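Proteins come first, then strands; the chains are lettered A, B, ... in the order of their sequence lines, and each starts at number 1. Everything numeric here is computed off the predicted structure, so don't read it as measured data.
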There are 2 protein chains.
Amino acid sequence: MTTKKELVENETCPAQGLLKLLSGKWKLEIFRLAFDAPVRFSSLLRQIEGSNKQSLSVALRELEEVELLEKIVITAKPLHIEYHMTPKGKSMVPVLKQLENLL
Amino acid sequence: MTTKKELVENETCPAQGLLKLLSGKWKLEIFRLAFDAPVRFSSLLRQIEGSNKQSLSVALRELEEVELLEKIVITAKPLHIEYHMTPKGKSMVPVLKQLENLL
DNA sequence: CGGAATCCTATATGATACTG
DNA sequence: CAGTATCATATAGGATTCCG
């Protein structure tokens, strides 16, 4: 089996791996929302229109795998889970801003 | 019908459109090769291992549509065609370099 | 609430043959 | 040489149901 991390490292083009981290239909939107404050699953589902549980679930897991988001579980009732942006995640934000300005 | 350009403009997240310009398995690699010098189809096909005519063809057309590459046709025999990076394309390079440094 | 499992559709990519 | 056309496969995304 090949892990996500290996895939990223096998790229001939260095930036490819980086773009892959945020590729897909919902990751960038999740990422943007998580920047302002920690986000919760149901909140994302409500805010990101057109999305669905399955796709958000996959996207969140992948963002977590590459350590752009960190999942915080608070074992209370009802279960409370938050996704926080990691330092690595935060470091990408200014570059993404520059990308936006290019368009 | 919806054009590529419209899709890009409809994104909620501004950077999404930018990422989409270079999304896919081969575009970034093509883009990188085209930065050094104008590239030709057969040359790309040889240099980018694992690729194939069909995929490169599609990728090139899309890069052309969003004006990151310009296609130059020299109607001689044999037919000579070059893909050049546009000013818009060149403007993206430094930002991509920064992305690479983040990984 | 926060998902995972399943099933299905859409889009991306690939192999190959053909063309001006 | 520089592709396009066609067909096949692989991956991404979506709808729905189920579970702790």
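- Between the CD1 atom of A:Ile74 and the C1' atom of C:dG2 there is a distance of 13 Å, given to the nearest Å.
- We find that CG of B:Leu28 is positioned 17 Å from C1' of C:dT13, with the value rounded to whole Å.
- Distances shorter than 4.0 Å separate some side-chain N or O of B:Arg61 from OP1 or OP2 on D:dT4.
- The closest donor-acceptor contact from the side chain of A:Ser55 to the backbone of A:Asn52 lies at 3.5 Å or more, if one exists at all.
- Proximity of B:Lys53 to the phosphate of D:dA5: no side-chain N or O atom is located under 4.0 Å from OP1 or OP2.
- When the C1' atom of C:dA12 is taken as reference, atom CG of B:Leu63 falls 15 Å away, rounded to whole Å.
- As a whole-Å value, the separation of A:Ile72 CD1 from C:dG3 P is 12 Å.
- Using modelled atom types and a 3.5 Å distance limit, the side chains of A:Gln98 and B:Gln98 yield a donor-acceptor pair.
- Using a 4.0 Å cut-off between a side-chain N of Lys or Arg and a carboxylate O of Asp or Glu, B:Arg32 and B:Glu29 qualify as a salt bridge.
- Along DNA chain D, the nucleotide nearest B:Arg46 and the nucleotide nearest A:Leu79 are compared for position; the residue whose nucleotide lies closer to the 5' end is B:Arg46.
- Listed pair A:Arg40 / C:dC1 fails the phosphate criterion, with no side-chain N or O lying under 4.0 Å from OP1 or OP2.
- Distance alone, capped at 3.5 Å, places no donor-acceptor pair between the B:Gln47 side chain and the B:Leu33 backbone.
- Spacing between atom CD of B:Glu62 and atom P of C:dT13 amounts to 8 Å, rounded to whole angstrom units.
- A:Tyr83 and A:Ile72 are members of different hydrophobic clusters when ILVMFWY side chains are connected at heavy-atom separations under 4.5 Å.
- Spacing between atom CZ of B:Phe41 and atom P of C:dT19 amounts to 18 Å, rounded to whole angstrom units.
- Using a 4.0 Å heavy-atom distance criterion, A:Lys77 is classed as making no nucleic acid contact.
- The phosphate of D:dG3 (OP1 or OP2) has no side-chain N or O of B:Ser57 nearer than 4.0 angstrom.
- A salt bridge does not link A:Arg61 to A:Glu64: none of the charged side-chain nitrogens sits closer than 4.0 Å to a carboxylate oxygen.
- Listed for the B:Thr86 side chain is a donor-acceptor partner under 3.5 Å among the backbone atoms of B:Leu68.
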Atom pairs under 3.5 Å, N or O on each side, protein against nucleotides 8-15 of chain D: can you list them with distances?
unit_1, atom_1, unit_2, atom_2, d
D:dG13, OP1, A:Lys25, N, 3.0
D:dG14, OP1, A:Lys25, NZ, 2.6
D:dG14, OP2, A:Trp26, NE1, 2.7
D:dG14, OP2, A:Ser55, OG, 3.1

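- To the nearest angstrom, P of C:dA12 lies 15 Å from NZ of A:Lys20.
- As a whole-Å value, the separation of B:Leu60 CG from C:dA12 P is 16 Å.
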